[in-house]
Amino acid sequence: MQKRLSKQLSDKIELNHGAAIPQHGFGVFLISDAEEADTVIHKALDVGYRSFDTAQSYENEGLLGDILKRGGCNRDDLFITTKISNRNQGYDQTLVSFEHSLQKLKLEQVDLLLVHWPSQRHFFDTWRALERLYEQKLVRSIGVCNYKIHHLELLQTKANVKPALNQIELHPYLTQHALREYLFEHDIAVEAWSPLGRGAVLQDAAIEEIGKRHNKSTAQVILRWHLQHNTIVIPKSSTPSRIAQNVDIYDFELSPEELNAIDHLNRDLRTGPDPDEIYLKI
Ligand code: A2P
């Protein structure tokens with residue numbers, strides 16, 4: 001796979017539907033306290049973030065919508081992603097719940113709408129609803145999260161619109177090599193959730209060593225590794241200094257040897273559930 005040199009926070013990746021997504025966005029998972037959200041999202045805007053990733057299940061679409069509205073950014077400069085939660089899957093429920101998401105986000109159109117987890121029961125019905133919202137131009141792009149290769153192959157048997165993107169758990173201890181290759185071959189963008197591995201990876205001695213060479217923190221090296229692999233990242237932080245640190249990654253480049261060394265740290269270690277378990281449950 002060709003590696004690219006990401007130059008700035010506003011760099012975008014073209015999606016197969018024609019829209020473009022900023023490669024580096026801000027995740028708001030677990031940010032649900034109003035005061036905290038206000039501080040954190042304003043800090044994210046201040047350091048230059050314009051892409052925000054939320055979900056129905058995070059229960060902060062309303063807070064994000066209010067803060068962005070007051071933030072005074074031009075709507076065209078923002079890129080907003082939300083996700084249909086497990087309890088809202090199915091054709092009608094997806095359409096109804098999306099209407100509520102739009103109201104909470106105070107938007108007329110969402111940039112990217114994702115299915116949060118694969119569901120055996122609602123698999124095609126939920127996707128059909130996303131296709132309808134896409135045709136109605138209420139969403140600019142549609143995609144999935146946590147789909148393994150076999151879920152994507154199944155979707156392909158009936159889908160009219162191909163997913164633009166797959167948001168998956170991805171970090172140096174879960175490199176998902178085969179899935180990433182498959183997504184690349186099928187022109188489906190890769191987005192990493194938990195790009196920093198929620199703690200464990202942040203203590204890795206080999207990554208720390210690479211960081212010392214570049215005068216960067218472990219988190220900065222991991223984010224740079226993602227960018228150089230063409231992965232879209234949405235790191236979350238509630239700490240203003242870390243929010244600033246996480247965008248300060250455009251003045252250095254990892255060498256091919258360093259990228260390779262990080263690729264080899266894989267342990268197939270998930271911090272979240274295995275999508276196959278969720279698939280059977282919901
Ligand atoms: P906090 O919110 O307290 O700053 P991920 O996005 O991979 O799930 O990781 C999120 C976790 O990583 C959060 O616990 C966040 O903590 C922490 N984190 C985010 N940025 C950094 C950073 N630059 N250095 C250390 N920890 C970070």
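Worth saying up front: this structure is predicted, and the values here are computed from it rather than measured. We count residues from 1, following the sequence as given.
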Quick check on the hydrophobic clustering: are [X] and [Y] connected, directly or via other members, by side-chain heavy-atom contacts under 4.5 Å?
X: Leu155; Y: Val139; result: yes
X: Leu130; Y: Ile278; result: no
X: Ile142; Y: Trp193; result: no
X: Leu269; Y: Ile222; result: yes
X: Leu63; Y: Leu107; result: no

Looking at every non-hydrogen atom in both residues, tell me the closest pair between [X] and [Y] and how far apart they are.
X: Arg213; Y: Glu258; result: NH1-OE2, 2.8 Å
X: Glu253; Y: His214; result: O-CE1, 3.3 Å
X: Ala192; Y: Ile234; result: O-CG1, 3.4 Å
X: Glu36; Y: Ser238; result: OE2-OG, 3.0 Å
X: Val144; Y: Leu114; result: N-CD2, 3.7 Å
X: His150; Y: Asp276; result: NE2-OD1, 2.8 Å

Say whether [X] and [Y], considering side chains only, have a donor N or O and an acceptor N or O under 3.5 Å apart.
X: Gln167; Y: Asp53; answer: yes
X: Thr94; Y: Gln89; answer: no
X: Tyr147; Y: Glu153; answer: no
X: Glu61; Y: Thr54; answer: no

Criterion side chain to side chain contact (heavy atoms under 4.5 Å, CB included) on Asn88 and Val96, from CA distance to verdict = CA-CA 9 Å; Asn88 288 332; Val96 170; over 6 Å; no
State whether the side chain of [X] and the backbone N or O of [Y] hold a donor-acceptor pair below 3.5 Å, judged by distance alone.
X: Thr126; Y: Gly90; answer: yes
X: Arg140; Y: Gln109; answer: no
X: Gln56; Y: Ser85; answer: yes
X: Asn60; Y: Ile31; answer: yes
X: Asn246; Y: Ser237; answer: no
X: Glu131; Y: Val161; answer: yes
X: Glu169; Y: Gly272; answer: yes
X: His17; Y: Ala19; answer: no

Residues Leu68, Leu45; criterion side chain to side chain contact (heavy atoms under 4.5 Å, CB included); working and verdict = CA-CA 9 Å; Leu68 292 180; Leu45 285 167; 4.1 Å; yes
Does the ring centre of Phe79 sit less than 6.0 Å away from the ring centre of Phe26?
->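 No, the ring of Phe26 stays outside the 6.0 Å limit from the ring of Phe79, centre to centre.
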Would you check if the distance from the ring center of Tyr49 to the ring center of His24 is below 6.0 Å?
->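 For Tyr49 and His24, the ring centres are under 6.0 Å apart.
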Do the side chains of His177 and Asn266 get nearer than 4.5 Å, heavy atoms only?
->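 No. Closest side-chain heavy atoms not under 4.5 Å.
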Walk me through it: do Arg128 and Asp125 pass the test salt bridge (charged side-chain N to carboxylate O under 4.0 Å, His left out)?
-> CA-CA 5 Å; Arg128 211 159 41 84; Asp125 290 342; 3.5 Å; yes
Would you mind checking if [Y] and [X] are paired as a salt bridge, meaning a charged N to carboxylate O distance below 4.0 Å?
X: Arg50; Y: Asp76; value: no
X: Asp251; Y: Lys216; value: yes
X: Asp274; Y: Lys148; value: yes
X: Arg75; Y: Asp111; value: yes

Working to the nearest 0.5 angstrom, can you tell me the gap between [X] [atom1] and [Y] [atom2]?
X: Lys281; Y: Ser119; atom1: NZ; atom2: OG; value: 12.5 Å
X: Leu152; Y: Leu183; atom1: CG; atom2: CG; value: 6.0 Å
X: Ile149; Y: Arg180; atom1: CD1; atom2: CZ; value: 12.0 Å

Test Asp38 against Arg70 for salt bridge (charged side-chain N to carboxylate O under 4.0 Å, His left out), laying out the working first.
-> CA-CA 10 Å; Asp38 201 56; Arg70 280 189 274 116; 3.6 Å; yes
Is the count of non-hydrogen atoms from other residues, nucleotides or ligands lying under 6.0 Å from [X] atom [atom1] greater than 12?
X: Lys106; atom1: NZ; value: yes
X: Glu35; atom1: CD; value: no
X: Asn74; atom1: CG; value: yes

Lys NZ or Arg CZ of Lys236 over Phe29 ring: under 6.0 Å, within 45° |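 Lys236 over Phe29 ring: no.
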Step-by-step side chain to side chain contact (heavy atoms under 4.5 Å, CB included) determination, Tyr250 to Leu227 | CA-CA 10 Å; Tyr250 293 93; Leu227 295 186; 3.5 Å; yes
Just one of Trp127, Tyr279, Phe124, Trp117 clears the ring pair (Phe, Tyr, Trp, His ring centres under 6.0 Å) bar with His151, so which one?
->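 The residue from Trp127, Tyr279, Phe124, Trp117 that satisfies ring pair (Phe, Tyr, Trp, His ring centres under 6.0 Å) with His151 turns out to be Tyr279.
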Please walk me through it: do Thr231 and Leu170 pass side chain to side chain contact (heavy atoms under 4.5 Å, CB included)?
-> CA-CA 9 Å; Thr231 301; Leu170 181 60; 3.7 Å; yes
Can you check side chain to side chain donor-acceptor pair (under 3.5 Å) on Arg224 and Gln228, steps first, answer last?
-> CA-CA 6 Å; Arg224 189 70 216 178; Gln228 288 182 227; 2.9 Å; yes
